[in-house]
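Positions are given from 1 along the sequence. Values reported hereafter were calculated over all heavy atoms of this structure, with side chains retained and with hydrogens, waters and symmetry mates removed.
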Amino acid sequence: MKLIPNWRQARRYWSVRLAVLTAAVAALESALPALREALPAHWYGLAAVLIALARVVQQTPRHHQQD
């Protein structure tokens with residue numbers, strides 16, 4: 001397995017942020033049954049699509065962007 005360049009900056013990528021958010025919500029679902037009722041049944045699919053879209057969009061960390 002080869003890590004991306006500047007892997008320590010991965011937390012700045014939207015795909016990583018969305019994946020962490022999805023994992024957190026999935027973990028909370030078992031602890032909070034009301035959360036399961038509040039979310040639509042297809043939310044995992046929507047989250048997966050958002051993560052995939054965020055992954056293919058060019059993601060340059062802010063410190064690399066030139067204004």
Side-chain angles (χ1 to χ4, degrees):
M1 175 173 72
K2 186 176 181 182
L3 298 176
I4 62 172
N6 298 325
W7 62 271
R8 291 180 186 199
Q9 302 300 321
R11 69 183 184 282
R12 297 180 182 196
Y13 295 128
W14 280 107
S15 57
V16 174
R17 291 176 182 178
L18 291 170
V20 169
L21 179 64
T22 301
V25 171
L28 284 174
E29 268 190 330
S30 62
L32 301 171
L35 182 61
R36 187 175 302 145
E37 295 171 11
L39 294 172
H42 58 280
W43 89 269
Y44 282 109
L46 293 174
V49 168
L50 285 175
I51 293 168
L53 287 174
R55 189 63 216 131
V56 298
V57 172
Q58 182 177 358
Q59 300 178 55
T60 304
R62 287 187 183 138
H63 69 282
H64 284 138
Q65 291 178 348
Q66 296 193 0
D67 297 337

Legend entry - Side-chain hydrophobic cluster, 4.5 Å single linkage: members besides Leu18: Leu50, Ile51

Inset, instruction - Could you tell me which residues satisfy side-chain contact (heavy atoms from CB on, under 4.5 Å) with Ala10, sequence neighbours excluded, listed by chain and number? - result: Tyr13, Val16

Legend entry - For Arg11 against Arg17, the heavy-atom pair lying closest together: O-NE, 3.1 Å

Inset, instruction - Report the hydrophobic cluster partners of Leu39, with the cluster defined as I, L, V, M, F, W, Y residues connected by side-chain heavy atoms closer than 4.5 angstrom, directly or transitively. - result: Leu21, Val25, Leu28, Leu32, Leu35, Trp43, Tyr44

